[in-house]
Protein chains: 2
Amino acid sequence: MNNLTLKQMRYFEAVAEHRHFGHAADAVGISQPALSMQIKDLEATLGAQLFERASRQVRLTRLGEDLAPRVRAILRSVDEVADLARSSQQAMSGRVRIGVIPTIAPYLLPSFIGHLTRDHPTLDIHIRETLTPKLITELGDGRIDAAIVALPVSEPSFEEVAIFDEDFVLVRPDEDADRPVPAARDLAKMQLLLLEEGHCFRDQALAFCSMRSALPREGLDGSSLSTLVQLVGAGIGVTLIPQMAVAVETRSANVSVARFDAPCPKRTIGMIWRKTSPLADQFRVIADSVKKAASALP
Amino acid sequence: MNNLTLKQMRYFEAVAEHRHFGHAADAVGISQPALSMQIKDLEATLGAQLFERASRQVRLTRLGEDLAPRVRAILRSVDEVADLARSSQQAMSGRVRIGVIPTIAPYLLPSFIGHLTRDHPTLDIHIRETLTPKLITELGDGRIDAAIVALPVSEPSFEEVAIFDEDFVLVRPDEDADRPVPAARDLAKMQLLLLEEGHCFRDQALAFCSMRSALPREGLDGSSLSTLVQLVGAGIGVTLIPQMAVAVETRSANVSVARFDAPCPKRTIGMIWRKTSPLADQFRVIADSVKKAASALP
DNA sequence: GGTTGTTCATAACCCTGCCTTATCGAACCC
DNA sequence: GGGTTCGATAAGGCAGGGTTATGAACAACC
């Protein structure tokens, strides 16, 4: 029979993901019969079924299940070959997909994207904003090319470079402005408002207060720094936010911002990418650009 | 431009190895112009040259040098996929997940697993022991591949094959051994001990006594046949068990076993799997093996 | 329970793309 | 300078892969 083709593998990946021939066909941009035929050919060349077509349900066979990760790996490798070729040809051009955590994105992105597209007009930047664990998964899967997160990540397959440190500041209701700044351990006794479970900034704030985990307090976890600051403004408690968020978030709330004495809490923001990524050089340039954008912020 | 293809990569690999278009073309079994065209297309899609065509010498560019190992790795991975598919498709090998009901598993499995793994050492059998309704759900969801249960199941999406019939026998306290065997309808008046709600064997025993359902009798439902026999031994009542369980369960209890006159109660044990399952052939072989194992039991 | 809808497979057709052979052109060799 | 080598180019034919239309099986719904 015929040989395997990348086309067939791409189609296979799509069907494996969607478990539905019609949707998979849409996803890869061909008609459903064309996709069905390719899958059929693929199964014929392999000499075994990959999918079990039940009524209204497409299921991977055991072989399909075994093959899926290998096929994905192959396709990612092929993408990398294309990336490598492109980057070798002309630095700082082409599509680059960058993930950013939510406690960084709103404050850093506007100026950073501006700088970068001005300096490198051929660069096509796609931004994905979500929590660190998801970014790490997507980076590993090749669905994004790099990510801007809090270090360390400590994945052996990723390269990580620090970009800048950012201090945490205390946000209190306006009327507390003249009170002394509490020590770290005193924060634990106050009504400290935190982001929802899953945000790395939540864990970083807790670490500063030397708390292993927060007691569950119904309704007092915010889904964004903006929410937290609004709650503080309403007198519900106090919170920590990164320095970078101060200008944007405290503009229109009745809150006062106070810096901590040494040791000032902080975190390191950096960039990560797959060690095998051929775009590494570009990422170093981008990281540098991010650093400039960050230091230009108020 | 066009997409990368495995064909192009194979040609690239050949040229990289031979450093000669004509020889490479012979090696991959096409004409030299065809190969030249494919390489040209490949370079066009990558946007960079891979070879330096000097006079009487083909040399890899820097990029070609970088790409060669990646391309080789990809081609090897693809070969592995094909090999994996081929080897997996040899019958009676690989992982097979089989569900078995609790009133069968302890008696049948030891010898059946032994037979099967001896005859098919590459077969990797996973057993799941639980009640019929759960097995049916898991089979439908693809969490198991087949199940050994009492027939009929009558799910239109499942194939079912009978394996063997097994008679039910009466278990009484030792001192009743000489009494006549009661008729089916008399059992209803005796203290008949049953398995807990949910076991199909409970319903089958009730059906034999022409009872639609048992009155709830606190504390008199057993969680296993073993428990029921122990209760009988303690003089609490009588019970029914499948023939197959006699040897194991009545060995060390003060009970006597009696067979019923015709019509002897019995049930049909069989195997079920999704009609769409590509493993159907394997299941028929396995069912046959189960049948042999069952007839070899005392 | 007939009808409608969903979903994958099949059919018929068409076009693009790949391979073939023939030939060219440049570089090297004598 | 003629012959040789070797990759590029040209022209034509076949087929692989795409399209739309339709079929078949089955679930779901008045």
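Fair warning: this is a prediction, and the values are worked out from it, not measured in the lab. All heavy atoms count here, side chains included; hydrogens, waters and symmetry mates do not. Just so it is clear: chains get the letters A, B, ... in the order the sequence lines come, proteins before strands, and each one is counted from 1.
Using a 4.0 Å cut-off between charged nitrogen and carboxylate oxygen, B:Glu13 and B:Arg76 count as a salt-bridge pair.
At least one side-chain nitrogen or oxygen of A:His20 sits closer than 4.0 Å to the OP1 or OP2 atom of C:dC8. For D:dG16, the OP1/OP2 oxygens have no side-chain nitrogen or oxygen of A:Lys7 closer than 4.0 Å. At the phosphate of C:dG17, neither OP1 nor OP2 sits under 4.0 Å from any side-chain N or O atom of B:Gln38. Between A:Ser36 and C:dC8 there is no side-chain polar atom (N or O) within less than 4.0 angstrom of OP1 or OP2. For C:dC19, the OP1/OP2 oxygens have no side-chain nitrogen or oxygen of B:Ser31 closer than 4.0 Å. Within the structure, a side-chain polar atom (N or O) of A:Arg53 is placed less than 4.0 Å from OP1 or OP2 of C:dA9. For C:dC19, the OP1/OP2 oxygens have a side-chain nitrogen or oxygen of B:Tyr11 closer than 4.0 Å.
Atoms CG (B:Leu35) and C1' (D:dC6) sit 13 Å apart, rounded to a whole Å. Going from atom CZ of B:Phe51 over to atom C1' of D:dA8 covers 15 Å, rounded to whole Å. Between A:Glu52 atom CD and C:dC8 atom C1' there is a gap of 14 Å when expressed in whole angstrom units. Atom P of nucleotide C:dC18 and atom CG of B:Leu6 are separated by 13 Å, given to the nearest angstrom. One interatomic measurement links the two molecules: CZ of A:Arg59 to P of C:dC8, which rounds to 13 Å at whole-angstrom precision. Counting to the nearest Å, the C1' atom of D:dG16 and the CG atom of A:Asn3 are 14 Å from each other. Rounded to whole Å, atom P of D:dG17 lies 7 Å from atom CG of A:Asp41. Residue B:Glu43 contributes atom CD, which lies 12 Å from atom C1' of D:dA8 at whole-angstrom precision.
Comparing A:Met37 and B:Ser157 by the nucleotide of DNA chain D whose heavy atom lies nearest to each, the residue mapping closer to the 5' end is A:Met37. Looking at which nucleotide of DNA chain D each of B:Gln32 and A:Gly29 is closest to, the 5′-most match is held by B:Gln32.
Picking from D:dG7, C:dA9, D:dT19 the nucleotide with the shortest atom distance to the side chain of B:Phe21 gives D:dG7. In this structure, of C:dC18, D:dG18, D:dA8, it is D:dA8 that holds the atom nearest to the side chain of B:Pro33. Among the nucleotides C:dC18, D:dG18, C:dT10, the one closest to the side chain of A:Lys40 is C:dT10.
At a cut-off of 3.5 Å, with distance as the only test, no side-chain donor of A:Arg10 or A:Gln8 sits close to an acceptor on the other residue. B:Arg284 and B:Ser289 are not linked by any side-chain donor-acceptor pair at a separation below 3.5 angstrom, with hydrogens and angles left out of the test.
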- Message: Let's go through B:Asn3 and B:Thr45 carefully: what are the C-alpha distance in whole Å and the side-chain angles of both, what is the deciding distance for side-chain contact (heavy atoms from CB on, under 4.5 Å) to 0.1 Å, and is it a yes or a no?
- Response: CA-CA 7 Å; B:Asn3 256 325; B:Thr45 71; over 6 Å; no
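Between A:Phe21 and A:Phe51, the two ring planes are perpendicular [angle over 60°; tilted spans 30° to 60°].
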